[in-house]
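To keep things clear, I will list the structure first and then write my remarks on it.
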Amino acid sequence: MLKDNLFQVEERIREACSRCGRSPEDITLIAVSKTKPVSMIGEIYAEGIRNFGENKPQELRDKYDLLPQDIRWHMIGHLQKNKIKYVIGRACMIHSIDSVELAAAVDSQAAKNNLVMPILAEVNIAGEETKFGLHPEEVMSFVNEVSTLKNVRLCGLMTIAPFVDDPEENRIHFRNLRKLSIDIRNKNIDNISMCELSMGMTNDYEVAIEEGATIVRVGTGIFGERDYSAAGAQSI
Ligand SMILES: *Cc1c(COP(=O)(O)O)cnc(C)c1O
């Protein structure tokens, strides 16, 4: 049962919080529902979860239109400029902003829709060749430029840590992301808040919480393995 998976994740979040003296209320759990059908999302929704994550703009749009309006959709995947229109007005936050150009394109689409779009800067904190994201040394100039945009609000940082067998190996990366966010916060830049640290997935969310995550993104741990090969994988 999906709800048993969810309860187990919630229990492990509580345990991680108690290990490091944090409150579970300070952690937002995003149920990452990419490739999963609306029926499964409905099961998790019925247990009180309201934050869901998708990595494809059209899939987010389609699910948004089919599911209850009080769901908070998070765009967590790589975003192309021509697809921004699908997520503005539907997503509550875009986690995957990795260039000033993309932030500016989101800003102009948000302006057209007369709203201010909350965003996170995606950081390639471990410097992996194959990953999207700003390199740590680029983040400060990114932040300075984005602070001038009127229709986006930079709320914090996001990272996808390396895929490792032992989650302890990622502790240093989570710690480094938190240090970076503190450095930025200490500069007190207008329009920049740095309240959110979106880090930790099924494999490593407990370590991420111990290192200061405010948002964890859990897919497999709630919904089970994803099947990208099945014909139904793209259906909703
Ligand atoms: C798929 C995905 C997740 C969830 O991954 P799991 O290992 O299934 O928990 C989290 N964040 C991003 C950006 C993803 O694309």
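By convention here, the first residue in the shown sequence is residue 1. Order of appearance sets the numbers: ligands from 1, and atoms from 1 within every ligand.
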*asked:* Asn55: which residues meet the side-chain hydrogen bond (donor to acceptor under 3.5 Å, both in side chains) condition with it, sequence neighbours left out?
replied: none
_Tell me which residues fall inside the under-4.0 Å heavy-atom shell around ligand 1._
Val32, Lys34, Ile76, Met158, Ile160, Met201, Thr202, Arg217, Val218, Gly219, Thr220, Arg226
*Of the non-hydrogen atoms in Lys150 and Val116, which two are nearest, and what is the gap between them?*
O-CG2, 4.0 Å
*Members sharing Ile215's hydrophobic cluster (side chains within less than 4.5 Å)*: Ile30, Val32, Ile76, Met93, Leu120, Met158, Ile160, Met201
*asked:* Looking at Arg50, I'd like to know if its CZ atom is crowded, meaning that more than 12 non-hydrogen atoms belonging to other residues, nucleotides or ligands lie closer than 6.0 Å.
replied: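 Check passes, neighbour count above 12.
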_For Ser96 and Glu122: C-alpha separation, side-chain torsions, deciding distance, then whether side chain to side chain donor-acceptor pair (under 3.5 Å) applies._
CA-CA 5 Å; Ser96 43; Glu122 179 171 354; 4.8 Å; no
Let me have the donor-acceptor pairs involving side chains of residues 133-149, under 3.5 Å, with sequence neighbours excluded, atom names and distances please.
unit_1: Glu138; atom_1: OE1; unit_2: His135; atom_2: N; d: 2.8
unit_1: Ser141; atom_1: OG; unit_2: Glu138; atom_2: O; d: 3.3
unit_1: Asn144; atom_1: ND2; unit_2: Met140; atom_2: O; d: 3.2
unit_1: Ser147; atom_1: OG; unit_2: Asn144; atom_2: O; d: 2.7
unit_1: Thr148; atom_1: OG1; unit_2: Glu145; atom_2: O; d: 2.6

